[in-house]
Q: 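Below are the structure tokens for one structure; questions will follow.
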Amino acid sequence: MKRIALLLICTLLIGVVSFSASAADPIVVGFITALTGSTSLWGTQERNGAVLAADEINAKGGVLGRQIKLIVYDHKGQPAEGVSAYRRLVDQDKAVVVGGTHFSNISLAIAPVAEQKRVPIIGQAIEPKVTVPEPGKVNRYTFLAQPSSAQQGQMMARFGYENLGLRKAAVLADKSNSYSTSQAEAFAETFKALGGEVVSYIEYAGGTMDFKAFITQIKSKSPDVMFLPQYAQAGGLQVRQSKELGLNVTILGSNSLSDQNYIDACGGIQNAAGTYHLFNVNFDDPKFAPFHKAYEAKYGEPVQTYHTVFGYDDIYLIADAITRAGKVDPEAIRDALETIKGVPVLAGDGMFTMNPATHQPVSMPSWIFRWAADGSRVPERLIYPVE
Amino acid sequence: MLFQQIVNGISVGSMYALLAVGFSLVYNILGIANFSHGAMIALGAFFSYWIARYLAVPVPVAILASIAFTGLSSALVELVTLRILRKRGQGSLYFFIASLTVFNLVTAVLVYISRGNIVSYPRAFLSGTFTIGNLYIPWIDAGMLLISIVCLAVLSYVMFKTRFGLAVRAASFSIKAAQLMGMDIDAIIQGVFFVSGTLAGVTGALLGVKYAVYPYIGNFVYMALFACVVGGLGNLTGAVLGGLLIGLLETLVSAYISSAISPALTFAFLVVILLLRPQGLAGRATEEKI
Amino acid sequence: MSFLEGVLILTGIVAIVAQGVYVLTGLTGLFSLGQASFMAVGAYSAGIANLRFGLGFIPSLCVGVVAALLASFVVGAPSLKLKKTYFSLATIAFGYGVESVLNVSTWTGGSIGLIGVANITRVWHVAIALGLVLWVVRNFKLSRYGRACVSVRTDETAAQVYGVNAFATKQMAFSLAAALAGLGGGLYAFYLGYLSPDMFGIPVSSEYLVMVFFGGLGSQTGAFAASVLLTALMEMLRTAAEWRVILYCLIILITLMFRPTGLFGSWELSFGRRRNGSAPPDSPGALAGGARK
Amino acid sequence: MLELKKVNVRYGAIQALKDVNLRVERQTIVALIGANGAGKSSLLNAVSGIVPYTGEISWNGKLLPHHPPAIVRAGVAQVPEGRQVFSNLTVYENLLAGAYVNWSKQRIEKNIERVFSLFPRLKERASQSAGTMSGGERQMLAIGRGLMSEPSLLLIDEPSLGLSPILTTEVLALIQQVNEQGVTVLLVEQNARKSLEIAHRGYVLQNGKVVMEGTGRELLNDPAIQEAYLGVSGCA
């Protein structure tokens, strides 16, 4: 009997999952990010930023006179989980627009579902295929709110070639991560087009922790620059291990190398100093003062990574779209997202304009930073992508 | 360049060897993979980091303290999982799943506490490099090799010269026969978990120094399993050889064959080795245990 | 497709794959950490058949199942003759192999993944497939092949003395499990419409193992119930945010401690005559090389 | 005196021993005979505390605990069948393992000397791995190892398993010799004839129950025993 009861419970549970009523008084905005798993630091920062923005907007009276109800779900870093989270937000919680995911693979999985469900999602997954699955085609309901990986790789290559006068590049890319490979490809392509030489282009398997085999190879080609489109941990280890093997070249890296973690993974600022990386947010800009103040007041600790800004900006872009749509309707909000123009944000140069043809931002610039010996980020220059 | 690559390979291999030895201790006595070893690796890394950072003690002291902690944690895991299962008449098979779950649980807790953050030790320990001719040898790698050797020497003293070691080796052959000799098998298993936990703690802390401290550092346990099997089960020398072989193979495959699919190729090589030499590298073709 | 339908489809797919793990681990005593990789083979083959060769839903699924079957022979032929531990190791190697090939190959879309597979799978597809699978596995268990599997698990040498071809029996169980994983993978491909290599790693395989133990190693009913329960549990815990995975692991661990033989042990739901499943003995299987008491 | 009162052992659904009552007087040899699966080994293992049981088992009037180390310390040692010598240890280490409950180095040395004088062959092979020894040597080692804890009661399981008839006689003679030194012996044997010949008393186990008991001679002459266990040619 007990076991039959257990069986019954199993079947009932599935029903219970779907059981959450929603009184649709406030405007429900969904948010999907990694609250568990290896990128949960970024995910929780993104969520904190989003919650902060929603609170600010609500304190000012909300949108269209209604409050925003932000519901955040975890995707565990797994595409199927992301899709379930999206469906749950749309079906159960009746979200009219969804923000988030910094994972290209998860956004790639959600994109076709969003086409069916017709509820827009705007996030930070920088793989261009998220919004443009094939040339000439755009996913109607999926949007990107930062420069794409192709643009980021291109900007780094131009900075290295034009501003630092580097000519012989080595590239190290994580073959299991499209964030890494797509930036690496864009970098190599641009660098060669400018007239530089890519002396070594190594793609390694995901999960590698010991890069000495590759660094030894790279060293034998004597490049003058290494491009490391990596997450902070891998990038830091690569830098640390190349110093250990006596390879001292200029390091160019992706936006993840702006994390404080990067310095730790490098084994200290003495190794990290001199690294150039990209970052479309300059926290030293006075305009961030109120943001920092509000964040610290709410969470009792300083901002950890720039992902906080991503969550924060996402919600303001969504709020703007809902306001301009004039009604709480996913289709109208989608149209409004597509036509975002000159909306103030914290990232980039402070203004956000969406390209309706690609659903990616128009000419969103990034800062190039250099890690200084005292552990501060020194902004070198603001660089715009070439469209 | 080849010599440099061999040095690189040995440095990775010595670490795998240390991992594999700790792992094989429990394997030998229970005949089952203990994945909670991975949890102990991660705890060792985090605990020594926390001590070094928040109590501001030198890194070696922090590592020693964390070793005691991981040893005790490992014994605790034995107490709340394996002991209960054994009392209920269930043996090592169910412990395998329990240990896997403990591993996942500890990783999840560390993700929660550290928020998935990557951290490094506050002050440089064994940083820098020395050179011999064209060879670059990082101090940390040399240090790890040395510490591995010391650990293995201590372990072989314990295993071959002490009463406890005798009991462990006897129990590795047959738990029943060991009990008939008046050996307290619960205490012995607990002791083995403790020793295995301390080894995991050392390795975890050193991995933390060498790479970084992060919640998924325990995933190195899969390498330990591989090294242990390739070397020949039930054989501590084999575990060391297996670890060194995997480290070298991985590095050389990455350097000279293919970097992107090096794990797959490395494992394929290992499977071929096992097909050619089913008893493992150092395994003798002794009779099957009962 | 609604959220609820999505959850039901995922649950069904998990249940199908878990039935394969039940045959392999529960009946035959083999431990595979490569079941998710067989899912990957099935999913990618089905997806590519549909995307690049324009095959329909059912033919593509068949392609996926056949591909997984072929892979099971490639992995099983050398490794199943050896100790069970080496077999487990070979499945880990296979897992790494599949993941790196998928990452490298442009044919499969590399790390970006396979984009644009049709969204076809519906609840009733999965329901029919699951029903069939449950029926097949139940009959397999009760057939002489199923008994051969049990005898190989209990004592391989003795089984051979009684005329059971241990290698063939293990290969059969392995291939059946692979085929079910391939089927699950195919349905998954047409449910998600997108595939990437990181969906099918060794951690996913180990989740399936835990699932079958959670349900009760000797019970087909248990494997089914566990896949439903645990999938639902993970979904319900979504609201627990950061605590989600911790709670999930704790619940499994505590259950295993209080019911070491899993929820159902070796009990089977049967209609009509009550039938007791074969109790799994405590003979360590794979990952437990030197088998001893 | 070893005394078993209403001892029951079950493994899941199978009952291996049912209400077994049995006595072994001090300094005697008692043989336990029965078919395969009759429960002979379960009985020894119950006495040694490595299988759970209900009922009472006492040695010299004191109830034996269920904890194997305490049982060995109480002077009850078991010699399992010969394959259970630690073949990954040397002969010398096997003997050390047998002396595990003994902490005094001197006494261990003394006991080792005693075992070596009983089994000179072991002395020659002291540093050899036990796995390389022949069946007869292993059996000797197993018995020698059993003596290392200075037991007053020795439980011996199938000493003749896999041995030739000549070796069997030799091993049984050694057991007699051990007995003459004052050690009580409870002997489980397939070879009923030979064991009853050296035993003072015998018990016959069938399906977990004691079905017959008597002196060795009585049992040897019992027609039912002759038919079931002794046969014309004796059991192999």
Side-chain angles (χ1 to χ4, degrees), chain A residues 3-4 6-7 9-18 20 35-37 40 43-44 47 71-74 76-81 83-93 104-106 108-113 116-117 127 129 133-134 174-182 203 205-206, chain C residues 1-8 10-11 13 96 99-100 102-104 109-113 115-119 188 191-199 201 204 219 221-222 224-229 231-246 263-265 267-269:
Chain A
R3 285 165 173 130
I4 292 176
L6 255 174
L7 267 183
I9 292 170
C10 298
T11 40
L12 282 176
L13 273 178
I14 278 286
V16 175
V17 170
S18 58
S20 58
L35 301 178
T36 62
S40 54
T44 45
R47 185 221 20 216
I71 298 178
V72 185
Y73 284 144
D74 174 33
K76 262 175 81 188
Q78 290 172 8
E81 286 273 340
V83 169
S84 293
Y86 176 85
R87 288 218 168 99
R88 183 163 178 172
L89 284 169
V90 171
D91 288 342
Q92 302 300 311
D93 304 314
S104 298
N105 287 353
I106 293 171
L108 282 167
I110 294 176
V113 182
Q116 293 169 358
K117 293 280 185 192
E127 167 62 44
K129 283 189 176 154
E134 50 196 83
D174 181 347
K175 193 62 184 160
S176 71
N177 192 340
S178 60
Y179 166 85
S180 185
T181 49
S182 58
E203 291 174 320
Chain C
M1 187 190 312
S2 75
F3 163 67
L4 182 60
E5 283 171 286
V7 172
L8 282 176
L10 271 182
T11 310
I13 292 171
Y96 278 110
E99 200 173 337
S100 24
L102 291 179
N103 270 322
V104 168
S111 56
I112 293 172
I115 305 169
V117 181
N119 287 86
Y188 194 73
Y191 156 71
L192 212 53
Y194 165 74
L195 297 169
S196 69
D198 56 350
M199 293 174 183
V204 183
S219 165
T221 318
F224 173 75
S227 27
V228 175
L229 261 175
T231 317
L233 180 65
M234 204 60 182
E235 189 53 52
M236 284 194 299
L237 288 174
R238 199 181 290 284
T239 43
E242 288 104 315
W243 286 93
R244 198 171 166 213
V245 182
I246 298 178
L263 290 184
F264 287 80
W267 182 89
E268 294 287 15
L269 179 71

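The chains referred to below are lettered A, B, ... by the order of the sequence lines, with proteins before strands, and numbering in each begins at 1. When reading the values below, keep in mind they use all heavy atoms of this one structure, side chains included, and skip hydrogens, waters and symmetry mates.
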Q: Any idea which of A:G43, A:G37, A:A109, A:S40 has the most non-hydrogen atom pairs under 4.5 angstrom with chain C?
A: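 Ranked by heavy-atom pairs under 4.5 Å with chain C, first place is A:A109.
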
Q: Below 4.5 Å from any heavy atom of chain A, which atoms of C:S100 appear? Answer side chain, backbone, both or neither.
A: neither

Q: Are C:T239 and A:R88 packed together at the side-chain level, in the sense that at least one heavy-atom pair is separated by less than 4.5 angstrom?
A: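 With C-beta onward as the side chain, the pair touches.
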
Q: State whether the side chain of C:E268 and the backbone N or O of C:T221 hold a donor-acceptor pair below 3.5 Å, judged by distance alone.
A: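 Yes; judged by distance alone, with no hydrogens or angles, the pair exists.
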
Q: Relative to chain C, which of A:E134, A:R47, A:Q78 shows the most heavy atom pairs under 4.5 Å?
A: A:R47

Q: Answer with side chain, backbone, both or neither: which region of C:L102 has an atom nearer than 4.5 Å to a non-hydrogen atom of chain A?
A: neither

Q: Between A:P133, A:S104, A:A80, which shows the greatest number of heavy-atom pairs under 4.5 Å with chain C?
A: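 Going by pairs under 4.5 Å, I would pick A:A80.
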
Q: Count the heavy-atom pairs under 4.5 Å between each of A:I71, A:L108, A:T181, A:L35 and chain C, then report the option with the highest count.
A: A:L108

Q: Measure distances from A:N177 to the heavy atoms of chain C and classify the residue's part below 4.5 Å as side chain, backbone, both or neither.
A: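 Answer is backbone: N, CA, C or O of A:N177 sit under 4.5 Å from chain C.
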
Q: Please name the pair of heavy atoms, one in C:L4 and one in A:Q92, separated by the smallest distance, quoted to 0.1 Å.
A: N-NE2, 4.4 Å

Q: Mind listing the closest non-hydrogen atom pair of C:R238 and A:A85 along with its distance?
A: NH1-CB, 3.5 Å

Q: Identify which of A:G77, A:P112, A:G206, A:P79 forms the greatest number of heavy-atom pairs closer than 4.5 Å to chain C.
A: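 That would be A:P79.
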
Q: Under the side-chain contact (heavy atoms from CB on, under 4.5 Å) criterion, do C:T11 and C:E235 qualify, and how do the steps go?
A: CA-CA 10 Å; C:T11 310; C:E235 189 53 52; over 6 Å; no

Q: Of the non-hydrogen atoms in C:S111 and A:K175, which two are nearest, and what is the gap between them?
A: CB-O, 3.1 Å

Q: Please classify the contact between A:E203 and chain C as side chain, backbone, both or neither, with a heavy-atom cut-off of under 4.5 Å.
A: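 Neither part.
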
Q: Looking at C:Y96, C:Y194, C:W243, which makes the most heavy-atom pairs under 4.5 Å with chain A?
A: C:Y194

Q: Need one label for A:A111: side chain, backbone, both or neither, based on atoms under 4.5 Å from any heavy atom in chain C.
A: neither

Q: Using a cut-off of under 4.5 Å for heavy-atom pairs, which of C:V204, C:L195, C:I246, C:V245 has the most such pairs with chain A?
A: C:V245

Q: Any ion pair linking C:E5 and A:R87 (charged N to carboxylate O, less than 4.0 Å)?
A: no

Q: How about NZ on A:K76, more than 12 heavy atoms from neighbouring residues, nucleotides or ligands closer than 6.0 Å, or not?
A: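 Count over threshold, so yes.
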
Q: Quick one: does C:R244's side chain have a donor or acceptor within less than 3.5 Å of a partner on C:M234's backbone?
A: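 Yes; at least one donor-acceptor contact below 3.5 Å.
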
Q: Between A:T44, A:D74, A:N105, A:V72, which residue shows the highest count of heavy-atom pairs closer than 4.5 Å to chain C?
A: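 Option with the top pair count is A:N105.
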
Q: At a 4.5 Å cut-off on heavy atoms, which part of A:S180 comes close to chain C: side chain, backbone, both, or neither?
A: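 Neither the backbone nor the side chain of A:S180 comes within 4.5 Å of chain C.
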
Q: So what's closer than 4.5 Å to chain C heavy atoms on A:S84: side chain, backbone, both or neither?
A: both

Q: Measure C:Y188 against the heavy atoms of chain A and call it side chain, backbone, both or neither at under 4.5 Å.
A: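 For C:Y188, the side chain is the part near chain A, not the backbone.
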
Q: So what's closer than 4.5 Å to chain C heavy atoms on A:T36: side chain, backbone, both or neither?
A: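 Side chain of A:T36 only, per the 4.5 Å heavy-atom cut-off to chain C.
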
Q: Is it the case that the side chain of C:N119 and the backbone of C:Y191 share a donor-acceptor pair, with hydrogens and angles ignored and the cut-off at 3.5 Å?
A: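 Yes; judged by distance alone, with no hydrogens or angles, the pair exists.
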
Q: Let me know if C:I115 has heavy atoms under 4.5 Å from chain A in its side chain, its backbone, both or neither.
A: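 Answer is side chain: those atoms of C:I115 sit under 4.5 Å from chain A.
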
Q: Start with the C-alpha distance between C:L229 and C:L263, add both sets of side-chain angles, then the distance that settles side-chain contact (heavy atoms from CB on, under 4.5 Å), and finish with yes or no.
A: CA-CA 11 Å; C:L229 261 175; C:L263 290 184; 3.4 Å; yes

Q: Locate the shortest heavy-atom distance separating C:A225 from C:F264; write the atom from each residue and the value.
A: CB-CE1, 3.6 Å

Q: Where on A:A205 is there a heavy atom nearer than 4.5 Å to chain C: the side chain, the backbone, both, or neither?
A: neither

